Trainee: 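Mind having a look at this structure? Questions to follow.
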Amino acid sequence: ALVTPSVRTVQVGSQAILQEVLTLNTFISVGSGFVLDMAGNALTNIPENNGIPVTRYTQDTTGPELVTFRLNMSNREVFLAYSETVNFATFNIFGLRIQKTAVLTANRDIFSFTSNV
């Protein structure tokens with residue numbers, strides 16, 4: 001995770017307020033050969049034991065979209081391409097359906113995946 005949420009108590013006068021705190025745990029380090037400037041000078045090395053912390057983090061709030069798919073019946077393969085990286089551990093093959101038409105007109109025109117081979 002790039003951000004670790006935690007809760008802390010802040011005392012404001014005589015009132016204790018719970019405040020969510022986001023601890024940034026993302027740093028960058030680079031070798032001196034990472035990039036050159038226009039005069040050919042190498043970027044100053046940022047060693048792994050002294051990484052620079054992220055100064056601004058924008059959380060991902062946009063869900064992925066299925067961009068394209070390929071179906072190979074000979075190899076029994078389905079290829080899905082998304083608009084962003086997805087967490088494969090959350091993939092549920094049983095939620096995927098193949099249809100004969102873009103608009104479903106009858107239940108016999110839809111094919112769902114099962115655990116039977």
Side-chain angles (χ1 to χ4, degrees):
L2 295 175
V3 176
T4 305
S6 61
V7 177
R8 71 176 179 189
T9 304
V10 178
Q11 193 72 31
V12 179
S14 61
Q15 208 173 23
I17 299 173
L18 292 178
Q19 183 180 46
E20 184 177 46
V21 177
L22 299 179
T23 304
L24 299 175
N25 56 3
T26 301
F27 299 81
I28 192 169
S29 61
V30 295
S32 60
F34 176 67
V35 69
L36 303 176
D37 68 11
M38 298 305 287
N41 301 310
L43 176 74
T44 303
N45 183 45
I46 304 169
E48 294 173 359
N49 63 353
N50 194 23
I52 297 175
V54 64
T55 56
R56 184 175 185 168
Y57 173 77
T58 304
Q59 188 168 351
D60 182 3
T61 58
T62 305
E65 294 181 20
L66 181 63
V67 177
T68 187
F69 80 98
R70 292 191 305 257
L71 179 62
N72 185 324
M73 295 301 284
S74 298
N75 295 339
R76 300 171 67 177
E77 295 176 340
V78 177
F79 172 83
L80 306 170
Y82 297 93
S83 59
E84 64 178 271
T85 303
V86 296
N87 182 348
F88 181 75
T90 64
F91 185 77
N92 178 6
I93 188 68
F94 304 114
L96 181 63
R97 296 174 304 279
I98 306 293
Q99 299 176 196
K100 285 185 176 181
T101 59
V103 177
L104 186 62
T105 56
N107 282 340
R108 68 179 189 280
D109 294 337
I110 190 168
F111 304 95
S112 297
F113 289 83
T114 67
S115 59
N116 299 332
V117 179

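Numbering of residues begins at 1 and proceeds along the displayed sequence. All figures in this text were calculated on a predicted structure; none of them were measured in a lab. Atoms considered below: every heavy atom in the structure, side chains included; atoms not considered: hydrogens, waters and symmetry mates.
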Trainee: Which donor-acceptor pairs under 3.5 Å do side chains of residues 34-48 form with protein atoms, sequence neighbours excluded?
Mentor:
from, atom 1, to, atom 2, distance (Å)
Asp37, OD1, Ala39, N, 2.9
Asp37, OD1, Gly40, N, 3.0
Asp37, OD1, Asn41, N, 2.8
Asp37, OD2, Asn41, ND2, 3.2

Trainee: Under 3.5 Å, which donor-acceptor pairs link side chains of residues 86-96 to any protein atom two or more places apart or in another chain?
Mentor:
from, atom 1, to, atom 2, distance (Å)
Asn87, OD1, Ala89, N, 3.0
Thr90, OG1, Asn87, O, 2.7
Asn92, OD1, Phe94, N, 3.0

Trainee: Is the CD atom of Glu77 crowded by more than 12 outside heavy atoms at less than 6.0 Å?
Mentor: yes
Trainee: Might you point out which heavy atoms bring Thr62 and Glu84 nearest each other, and give the distance in Å?
Mentor: O-OE2, 2.9 Å
Trainee: Give the table of side-chain donor-acceptor pairs shorter than 3.5 Å for residues 66-75, with sequence neighbours excluded, one pair per line with atom names and distance.
Mentor:
from, atom 1, to, atom 2, distance (Å)
Asn72, OD1, Ser74, N, 3.0
Asn72, OD1, Asn75, N, 2.9

